[in-house]
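So the structure is just underneath, and the comments pick up after that.
Start at 1 and go down the list; that is how both ligands and their atoms are numbered. Just so it is clear, the structure is predicted and the values come from calculations on it, not from any experiment.
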Amino acid sequence: MTWNPVTGCTKVSQGCKHCYAERMAKRLTAMGSGRYRNGFKVTLHPDLLDVPRTWRQPRVVFVNSMSDLFHEDIPLDYIQRVFATMRDCPQHTFQVLTKRSDRLAELASHLPWPKNVWMGVSVEDARVISRIRDLSSTPAAVRFLSLEPLIGPLHGLPLSGIHWVIVGGESGPRARPMRKEWVDSIYRQCRDARVPFFFKQWGGVRKDLTGRELHGRTFNEMPSILQAA
Ligand code: SF4
């Protein structure tokens with residue numbers, strides 16, 4: 001499930017080109033949703049900061065699906081409040097994903113890193129591969145890569161200290177193609193480094209037609225910390 005104590009964002013790289021959150025925010029604004037009265041402008045929702053504390057059953061929570069928690073317009077003390085809630089809810093597993101890895105690296109020492117917080121960076125092509133080094137410098141218990149939407153080859157991934165890799169192609173009307181050899185290369189790198197590999201989808205204009213099989217099977221591997229839980 002998702003938890004959005006912040007909404008809105010701005011684009012930073014090619015992976016943002018067809019941002020799903022932006023499209024969804026525009027739709028919600030048009031529908032008159034109060035949360036989206038600012039459209040896709042960064043907006044804090046402090047009334048939602050404590051919501052995970054009210055969930056008794058353990059949940060896997062994707063944090064800020066409608067924003068980027070390390071956006072430069074989000075103050076450090078607000079990010080600290082988000083992390084405090086995650087720290088105080090060990091029954092849940094929180095997945096945080098950013099493209100602002102430089103700010104993540106800058107702020108990491110000011111944040112608590114409980115083991116129920118999984119921290120990831122998005123890497124869509126080789127131009128932004130340095131995000132992985134920033135992630136590796138953080139003390140998160142689980143560090144993961146979202147290689148999605150994959151729009152170029154990624155050779156020589158620095159996978160040391162990385163616990164999980166997710167790969168997926170772009171979907172939707174203007175989806176950019178993902179080549180099989182790019183996926184194969186990442187798969188081999190993950191096998192060599194013994195990193196769990198999750199293949200999400202081929203994507204394309206009709207993702208229901210392309211599916212999510214690679215070499216005739218699906219790959220749903222997860223970090224061992226979850227399997228052990
Ligand atoms: S960082 Fe994420 S939420 Fe922000 S514009 Fe890019 S894709 Fe959209």
Side-chain angles (χ1 to χ4, degrees), residues 1-31 33 35-46 48-49 60-76 78-79 82-83 86 94-108 111 117-135 138 140 143-152 154 164-178 182 198 200-205 207:
M1 68 175 307
T2 56
W3 171 44
N4 283 297
V6 184
T7 56
C9 197
T10 48
K11 300 186 179 191
V12 283
S13 63
Q14 276 302 310
C16 300
K17 189 171 180 183
H18 300 141
C19 174
Y20 170 82
E22 182 185 35
R23 269 187 286 145
M24 183 60 75
K26 283 182 176 164
R27 201 174 302 161
L28 290 165
T29 304
M31 287 164 61
S33 164
R35 293 262 174 224
Y36 293 89
R37 61 183 170 276
N38 295 334
F40 199 49
K41 191 172 181 301
V42 172
T43 305
L44 309 185
H45 302 279
L48 299 181
L49 278 170
V60 177
V61 183
F62 188 63
V63 182
N64 267 7
S65 64
M66 296 296 288
S67 182
D68 183 332
L69 186 60
F70 290 90
H71 191 284
E72 47 282 7
D73 290 348
I74 305 174
L76 171 59
Y78 195 84
I79 299 171
V82 172
F83 269 74
M86 298 194 289
F94 294 93
Q95 297 176 346
V96 183
L97 185 61
T98 188
K99 287 187 174 68
R100 270 103 174 155
S101 63
D102 45 354
R103 191 155 187 243
L104 164 67
E106 183 191 324
L107 302 185
L111 300 168
V117 173
W118 296 18
M119 187 68 229
V121 294
S122 300
V123 179
E124 64 269 23
D125 63 23
R127 286 172 287 192
V128 291
I129 208 165
S130 65
R131 289 176 184 160
I132 303 174
R133 302 265 180 224
D134 289 332
L135 175 67
T138 70
R143 293 181 287 268
F144 68 97
L145 307 182
S146 172
L147 311 181
E148 186 188 18
L150 188 66
I151 54 172
L154 287 170
W164 192 28
V165 168
I166 303 162
V167 178
E170 192 164 49
S171 56
R174 287 164 295 155
R176 291 162 286 182
M178 177 175 69
W182 303 343
F198 188 104
K200 194 162 156 191
Q201 61 177 27
W202 286 103
V205 177
K207 68 176 181 180

| Leaving waters out, which protein N, O or S atoms fall under 2.8 Å from atom 4 (Fe) of ligand 1? |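 N, O, S partners closer than 2.8 Å: Cys9 SG.
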
Are the side chain of [X] and the backbone of [Y] linked by a donor-acceptor contact shorter than 3.5 Å?
{"X": "Asp125", "Y": "Arg127", "answer": "yes"}
{"X": "Asn64", "Y": "Val6", "answer": "yes"}
{"X": "Ser101", "Y": "Asp134", "answer": "no"}

| task | Check the angle between the aromatic planes of Trp164 and Phe198 and answer parallel, tilted or perpendicular using the 30° and 60° thresholds. | result |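 Aromatic pair Trp164/Phe198 classed perpendicular.
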
| query | Are Ser65 and Asn4 linked by a side-chain donor-acceptor pair shorter than 3.5 Å? | reply | yes

| task | Please determine, by modelled atom types, if Ser122 and Glu148 share a side-chain donor-acceptor pair under 3.5 angstrom. | result | no

| request: Run the contact test for Arg100 against ligand 1 with a 4.0 Å cut-off on heavy atoms, strictly below, and give the result. | output: yes

